[in-house]
Amino acid sequence: MTLNNDPLWYKNAIFYELHIRSFCDSNGDGKGDLLGIVSKLDYIKELGVDCLWLLPMMPSPLLDDGYDVADYYNIHPDYGTIEDFKLLVDEAHQRGLRVITDLVLNHTSDQHPWFVESRKSKDNPYRDYYVWSDTDEKYKGVRIIFTDTEPSNWTYDETTEQFYWHRFYASQPDLNYDNPVVADKMIEVVRYWLDMGIDGFRADAVPYLFEREGTSCENLPETHTYLQRVRAAMEAYPGTIMLGEANMWPDELRPYFRGDPNDPSVPGDEFHMAFHFPVMPRIFKGLRLGEATDIINIMRDTPDIPYNCQWCVFLRNHDELTLEMVTEEDRQLMWNEYAPDPTMRLNLGIRRRLAPLLDNDRRKVALANAILFSLPGAPIIYYGDEIGMGDNISLFDRNGVRTPMQWTDDETAGFSDTTPDKFWASLIADETYGYQRINVATQQNQDDSLLALMKHFVAVRKANPVLGWGTCEFIDLDNTAILAYHRAHEAEQLLIVCNLSDTPQMVTLPLADVVGQTPTDVLTEESLGVVDAVEYGMTLEPYQYHWLRFE
Ligand code: NOJ
């Protein structure tokens, strides 16, 4: 098998995000690596996903788990070699799986040779690779992202008695994109990895590339112009994509696609894909309150995008569940509901995994995924969530949601040949989420496991391309515990109906267009009663959902 050559493959793709350090250790050093991933490609293939997203893999002091790059042209020695990487890409491609990697454009590690030079003296040739200032008064009011640890976006550097600019940890100085040499060098990095045969990038922290006085220093026109340059460079590599990480409101995200949704002759020419951040916390809020309104409102606020662009939707990832895109009131509500213990909170978010967030309640986990897989956009599965792994909030920073993958119930959880005391992070071993109970091997043998259900979602989603391509109309209902939306593409249609609440709900759906037809749930192949009037009544059990086809 090889890759299909559909240039729009990402429209209906499913992504699998994985943390190399935690997935599988091939050489017994207690840290996952690239060859470990190679050994698990058949598992990933069987899950049915289309594309892997690898978290940062370049040499790094790992003060931000690799988002602090010290060398853009190599692989972190813990993870393997460039040869291993080429093998991984090749083996993935042979199985029809694509591979995208993280691309950190905004900043480097302070141990990157450019910064080591830059901080030496004011006339060092690398000085202008970064953003220096005599005062920390410039760009006043620009928000701090890592609010728990960083008192300022400026850090004083004694050697030259100036401050340098950083939007994340002080160990991650921002590159200076006003310096054309820097701008060019990062395009070279892009080409280097694309030449290696990868299928694109998850572009990290893209809103922050440029700084301008009197602005928020976010989403600036200069930043868009540069990203269009990156995109233009990618055009030489057909079928590659840029998935942008911009944690912004929908109307701020829209310009990252450009193009004209109403005119196919004006396709998008910046990002191919962007994460839809704001819908994610609203799914959790909706499930907690049994209330669909916020999900509907944010999706209605989401602008149309050109035909060659796509959203990426997700429930959890390697970071805290971010609450940046909610009101202050909702943030408090989400913290109270989902992070009652303050150590579960981090910056403006919640550092917990999907299963524990949803009380390990199979009905809620299933419903959250039923929504994820049927909303507009390509869904992402975060490694371990397909088996319902737990978290360990006693670990530093976001490591609690990045623990070793649980493959088997033996002492090492099948993660490594070495003993667990040598693992880079301890295994989850508690009674509920421990590897002894929650692991791939056990679930592979159970027809009713979460893993089996996730495979089913993936397969049914793939069998219904309307979910990747279709329009989405939300239906206004008197019963706001019910979330209902209609997906349509050419002759294909699906009606999604979900009960977000923990009690049975009756709902009357306006189905004038399908009177005389019989709805069948494509997930269960079960038929519901024929639609005999324009108003169709049904009752849904707590957290029940249907994906309905009419015939
Ligand atoms: C976003 C990444 O997802 C996060 O893990 C990282 O800390 C920041 N960008 C900084 O690179």
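Just so you know, ligand 1 is whichever comes first in the structure, and atom 1 is the first atom listed for that ligand. If you read the sequence from its start, that first residue is 1, and numbering goes on from there.
- Using modelled atom types, no side-chain atom of Arg352 and backbone atom of Met344 make a donor-acceptor pair closer than 3.5 Å.
- Each of Phe201, Phe85, Tyr237 was evaluated against Trp193; a single residue qualifies, Phe85, per the ring-ring contact (aromatic ring centres under 6.0 Å, His included) test.
- Of the protein's non-hydrogen atoms, the one nearest atom 3 (O) of ligand 1 is Asp319 OD2, 2.5 Å.
- Below 4.0 Å from some heavy atom of His107 lie the following atoms of ligand 1, by number and element: 10 (C), 11 (O).
- Shortest contact from atom 7 (O) of ligand 1 to any protein heavy atom: Asp64 OD2, 2.6 Å.
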Chi angles and distances behind the side chain to side chain contact (heavy atoms under 4.5 Å, CB included) call for Ile14, Phe457: CA-CA 10 Å; Ile14 295 154; Phe457 275 131; over 6 Å; no
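- Phe23 pairs in a ring-ring contact (aromatic ring centres under 6.0 Å, His included) with only one of the listed residues (Phe415, Trp407, Tyr79), which is Trp407.
- Contact check on Lys422 versus Asp29 returns no salt bridge, with no Lys/Arg side-chain nitrogen under 4.0 Å from an Asp/Glu carboxylate oxygen.
- Protein heavy atom closest to atom 11 (O) of ligand 1, with residue, atom name and distance, is Asp204 OD2, 2.7 Å.
- Within the structure, ligand 1 has Arg202 among the residues with a heavy atom less than 4.0 angstrom away.
- Heavy atoms of Val104 come nearer than 4.0 angstrom to ligand 1 in no pair at all.
- Test Phe168, Tyr169, Tyr164 against His166 for ring-ring contact (aromatic ring centres under 6.0 Å, His included) and you get one pass: Tyr164.
- Contact annotation: Phe146 has at least one heavy atom less than 4.0 Å from an atom of ligand 1.
- Ligand 1 places these atoms under 4.0 Å from at least one heavy atom of Arg398: 4 (C), 5 (O), 6 (C), 7 (O).
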